[in-house]
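Since the structure comes first, as structure tokens, the remarks are kept for the end.
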Amino acid sequence: MWKKAFQFRLHLFITLAQQLQGQTSNCTIRALSVMVEEQKSEKPVAKFDLEKEMELRFEVERQETVQMELIAGMTEVFGTELTRNKKFTFDSGSKVAVFTWHGCTIQLTGRTEVAYVAKETPMLLYLNCHAALEQMRQQAEREDERGPRVMVVGPTDVGKSTLCRLLLNYAVRMGRRPTFVELDVGQGSISIPGTMGALYIERPADLEEGFSVQAPLIYHFGSTTPGTNIKLYNKITSRIAEVFNQRCEVNRKAAVSGCVINTCGWVKGSGYQALVHTASAFEVDVVIVLDQERLYNELKRDLPHFVKTVLLPKSGGVVERSKDFRRESRDERIREYFYGFRGCFFPHAFDVKFSDVKIFKIGAPTIPDSCLPLGMSQEDNQLKLVPVTPGRDLIHHLLSVSTAESTDENLVETSVAGFIVVTGVDTERQIFTVLSPAPRPLPKNILLIMDIRFMDLK
Ligand code: ATP
Ligand code: MN
């Protein structure tokens, strides 16, 4: 049963802010002042004094990095607290918000595209939301029930991923162990594009690197938009919900902490249907709609009445990202998978014999209904395994290495162990060359091909 009421308790937020902050900072900040000076290194240095509940927003210029240091007071970036007098580095294109509950002084070194201080933020509303979720967790603890399952939805570029990160960070800072469910196949944050998955959160996200992704549960979807195979998308969503339920049965802490589900920005047609499907698969208790009244009303109409649906404003700081920027950040995520964060890993290149692996694509191309075999529907086609004959076409494609031992297993619903990319094909010798995070041999021989390609330019 989806149940539980979701109540807003406004008075709670102040105490919670203090709890989250550890203790109230004793630095007093008088006026907002910005000071810019040029250092010997010719990197500009800017100092910002923030009063309570203000936010410094900045974007790092392309091909530049910016170092940030907290000089005084206390502050957080998307829910992760900053350590004082430690330098954090943000890479080219990063868009960052540094929020303070009590006031602080921050120094930025390096070229920013923009850097400004905002007084208006929805942070109190977001914190309030966290407070209500925390109450639900406490109630779950008392009554031996399960904690809140939250789905965050909204159009593109409204801060969905950021809000998920914030809610997860706040929960984990209160000692909870929430599960992060990532259903965004385009700009997902726990694995490479073209995948969906879940991650058990045990510590706040690293300021520079994000959440630690040591043992994520990942499924192969194969492309960067759910629309290419909506049936598969919904199937995997249901599968992740099933695995999460199993975990909750054996892990009380996981059950009480609940989950935060991040979704795609596609909120119309089948995209909308996928949201409704997700809500029902996970039996969500709370849906947070960012920035779109229409979506909010539709979900209120279509979801059971006991699901608490809330409309929250987006932050004025959220930055719109162009198609090109999105493509670049997808490439960057793949590069990071192989080469590590800031190039700290060394991937392996080796040859694989065509005969040593079995490659499949999930979903056959749609064919006219009249051509389908008797008793088969177009939908069955979307989950069908189509054997791929290795050849030149494989070049640059990403392949997921399934954890399945044999094709008797349901490959669609089996998680993947990792990914490789084809960097060369030699049809004469019947081999292809791959880039892999681990040395040869491949851990398993069943591979699933993605639509996504990656050019290894290193
Ligand atoms: P998508 O539709 O692509 O999934 P989204 O709704 O998940 O987008 P986010 O990824 O959360 O949006 O935010 C978009 C960008 O804005 C990110 O780069 C994020 O770091 C930045 N951002 C979010 N909130 C703020 C803020 N308050 N100030 C400055 N930048 C922000
Ligand atoms: Mn997102």
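When a ligand or atom number is given, it counts from 1 through the structure's own listing order.
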For ligand 1, the portion of R57 having any non-hydrogen atom under 4.0 Å away: side chain
Residue part near ligand 1, for E59, under 4.0 Å between non-hydrogen atoms: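 Contact part for E59 vs ligand 1: neither.
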Charged tip of K361 within 45° of F221 ring normal and under 6.0 Å: no
Geometric cation-pi criterion, R247 with Y200: 6.0 Å, 45°: yes
Which residue holds the protein heavy atom closest to [atom], what is that atom called, and what is the gap in Å?
| atom | result |
| --- | --- |
| atom 15 (C) of ligand 1 | V319 O, 3.8 Å |
| atom 26 (C) of ligand 1 | A97 CB, 3.4 Å |
| atom 4 (O) of ligand 1 | D184 OD2, 3.4 Å |
| atom 20 (O) of ligand 1 | K95 O, 2.8 Å |
| atom 24 (N) of ligand 1 | V318 CG2, 3.7 Å |
| atom 11 (O) of ligand 1 | T162 OG1, 2.5 Å |

Contact check, [X] vs ligand 1, heavy-atom distance below 4.0 Å:
| X | answer |
| --- | --- |
| K314 | no |
| E320 | no |
| V96 | yes |
| F78 | yes |
| R321 | yes |

Side chain to side chain, V185 and T224, heavy atoms closer than 4.5 Å: no
Flag [X] as yes when one of its N or O atoms lies below 3.5 Å from any N or O atom of ligand 1, and as no otherwise.
| X | value |
| --- | --- |
| Q187 | no |
| V158 | yes |
| S315 | yes |
| K160 | yes |

Salt bridge (Lys or Arg N to Asp or Glu O under 4.0 Å) assessment of E69 paired with K47: CA-CA 9 Å; E69 189 178 339; K47 217 178 209 174; over 6 Å; no
Before accepting this row, confirm whether a basic side-chain N of the pair [X]/[Y] lies closer than 4.0 Å to the acidic partner's carboxylate O.
| X | Y | answer |
| --- | --- | --- |
| R321 | D157 | yes |
| R146 | E283 | yes |
| D91 | R342 | yes |
| K119 | E55 | no |
| R173 | E81 | yes |

Atom CD of Q214: over 12 foreign heavy atoms under 6.0 Å: no
Whether N262 has an N, O or S atom under 2.8 Å from the Mn ion (ligand 2): no
Under a 4.0 angstrom heavy-atom cut-off, which atoms of ligand 1 come close to [X]?
| X | answer |
| --- | --- |
| E55 | 26 (C), 27 (N), 28 (N) |
| T156 | 2 (O) |
| D157 | 1 (P), 2 (O), 6 (O), 8 (O) |

Salt bridge (Lys or Arg N to Asp or Glu O under 4.0 Å) evaluation trace for K253 with E141: CA-CA 9 Å; K253 188 140 195 168; E141 231 163 13; over 6 Å; no
Residue from K160, R165, E182 passing side-chain hydrogen bond (donor to acceptor under 3.5 Å, both in side chains) with N262: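 Of the listed residues K160, R165, E182, the side-chain hydrogen bond (donor to acceptor under 3.5 Å, both in side chains) partner of N262 is E182.
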Option of least heavy-atom distance to atom 29 (C) of ligand 1 (set: G93, G317, G159): G317
Plane angle bin for F90 and F58 - parallel if under 30°, tilted between 30 and 60°, otherwise perpendicular: perpendicular
